[in-house]
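Encoded as structure tokens, the structure appears first; notes follow it.
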Number of protein chains: 2
Amino acid sequence: MRSNFLFLDTIINKVDAKGRVSLPSDYRAIVKETSSEIVCYRSLTSPCIEGCLEDLLDKLATEIETSTDFFSQTQDDLTNLIFGDAKRFPFDSTGRIGLTEKLLKHANITDTAVFVGKGRKFQIWNPENWEKEEARIRAEVLKNRPVLRPAPKEENK
Amino acid sequence: MRSNFLFLDTIINKVDAKGRVSLPSDYRAIVKETSSEIVCYRSLTSPCIEGCLEDLLDKLATEIETSTDFFSQTQDDLTNLIFGDAKRFPFDSTGRIGLTEKLLKHANITDTAVFVGKGRKFQIWNPENWEKEEARIRAEVLKNRPVLRPAPKEENK
DNA sequence: TTGCATCCCATAAAATCCCATGTTATACCA
DNA sequence: TGGTATAACATGGGATTTTATGGGATGCAA
């Protein structure tokens, strides 16, 4: 009975010859509360796979509906890209999912996958690429520290 | 909804061969009110481990969601950095948590850990490093804030 | 049938639990 | 006030469970 929805930590797992990989048990525990499958799609901006609960995509759909025009090119493009690419991945009794060629290729993953928690979602990376990416982010954040103080909330939009 | 709690004091505990260390009982008492686990991550700026309640991360998640754009690079970077590094550490019936190699290495901790209260958070240090850090902080404060002692009003007791 | 995906079992490694014991802090009593 | 009994806490080590992962069996579709 926890409403905690945070994918955390960085976990390295093997991908076997069949494309199967264990979903980290922490992640499984979260997912299990509402279903037995996750949704994955190719990241729009990085060479990695993104995963989340179907919930999030649902919210995103609503979000896109309210913040872009129904007939806009933007709405068209976003919905095509995101929902056209996303796919459900049920995990088996041992907690594994079977990733597709398309996804693995996009992330350049062969035999090892790195799961990176992102709060409401997570990413799956090729180990070397993630190493570089993490270094880049750390350098970036240290250089210009973002402001994270609670800003006065605005009621518009 | 609790808001009046503070991690205080400085406590030294042993880290055993399995990486286990007792969470100071004062800290445990605080945590127990809402859960049985804490969240730890590598400090971004110091060679130490930071710990807090999951609440704090959850707030942060919401915060980031509302103050940056869903598709922005900033949101991406921040969530990767924060949630990718943080991990839940449940404590067992005797009150111990099992720290990971990654964290211990970052803080240079081998067989002894120093817990330092920081209010809503706390830090875990290698003893020697903490000693130096504390001295540094004290020196810094003395140098930059020479007026720490308002002139004593009439002596009495 | 052949190829592909899922299911099931086996096993090794790692994380966790549980009991025993030493140590420190607190309570109680004379 | 001092000294002892009691409880709380910290810590060590072994037992148990969970998790990750390989491989084979099974079922379905083309």
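Proteins get letters first, then strands, A, B, ... in listed order; numbering begins at 1 in each.
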From [atom1] of [X] over to [atom2] of [N], roughly how many Å is that when rounded to an integer?
{"X": "B/Lys14", "N": "C/dT21", "atom1": "NZ", "atom2": "C1'", "answer": "14 Å"}
{"X": "A/Leu103", "N": "C/dA5", "atom1": "CG", "atom2": "P", "answer": "13 Å"}
{"X": "A/Asn13", "N": "C/dA15", "atom1": "CG", "atom2": "C1'", "answer": "14 Å"}
{"X": "B/Asp92", "N": "D/dC9", "atom1": "CG", "atom2": "P", "answer": "14 Å"}
{"X": "A/Asp16", "N": "D/dG23", "atom1": "CG", "atom2": "C1'", "answer": "10 Å"}
{"X": "A/Leu99", "N": "C/dC4", "atom1": "CG", "atom2": "P", "answer": "17 Å"}
{"X": "B/Phe115", "N": "D/dT11", "atom1": "CZ", "atom2": "C1'", "answer": "13 Å"}
{"X": "B/Phe89", "N": "C/dA15", "atom1": "CZ", "atom2": "P", "answer": "10 Å"}

Would you call the rings of B/Tyr27 and B/Phe122 parallel, tilted or perpendicular, taking 30° and 60° as the class edges? tilted
If you compare all heavy atoms of [X] against all heavy atoms of [Y], which two are closest, and at what distance to 0.1 Å?
{"X": "A/Arg120", "Y": "B/Asp58", "answer": "NH1-OD1, 3.6 Å"}
{"X": "A/Ile64", "Y": "A/Gln75", "answer": "O-NE2, 3.6 Å"}
{"X": "A/Leu8", "Y": "A/Ile11", "answer": "O-CD1, 4.2 Å"}

Classify [X] by what it touches in the nucleic acid, base, sugar-phosphate, or nothing, heavy-atom distance under 4.0 Å.
{"X": "A/Ile97", "result": "nothing"}
{"X": "B/Ser25", "result": "sugar-phosphate"}
{"X": "B/Ile11", "result": "nothing"}

Check whether the side chains of A/Gln123 and A/Trp125 place a donor and an acceptor atom closer than 3.5 Å, and report yes or no. yes
Are A/Glu133 and A/Asn129 close enough that a side-chain donor and a side-chain acceptor fall under 3.5 Å? no
End-to-end bend of the helix from C/dT1-D/dA30 to C/dA30-D/dT1 (five-pair axes, 10° rounding)? 30°
Hey, which of these two, A/Thr94 or A/Gly98, hits DNA chain C nearer its 5' end, going by closest nucleotide? A/Gly98
Look for any protein N or O under 3.5 Å of an N or O in nucleotides 24-30 of chain D and output each such pair with its distance, or none.
unit_1	atom_1	unit_2	atom_2	d
D/dG24	O6	A/Lys18	NZ	2.1

Under a 4.0 Å N-O cut-off, is there an ion pair linking B/Asp85 with A/Arg138? yes
Is the shortest side-chain N/O distance from A/Arg96 to OP1 or OP2 of D/dG23 below 4.0 Å? no
Rounded at 0.5 Å granularity, tell me how far CZ in A/Arg96 sits from CG in A/Asp16. 6.0 Å
Mind checking whether A/Tyr41 and A/Phe115 sit in one hydrophobic cluster, side chains of I, L, V, M, F, W, Y counted as touching below 4.5 Å? no
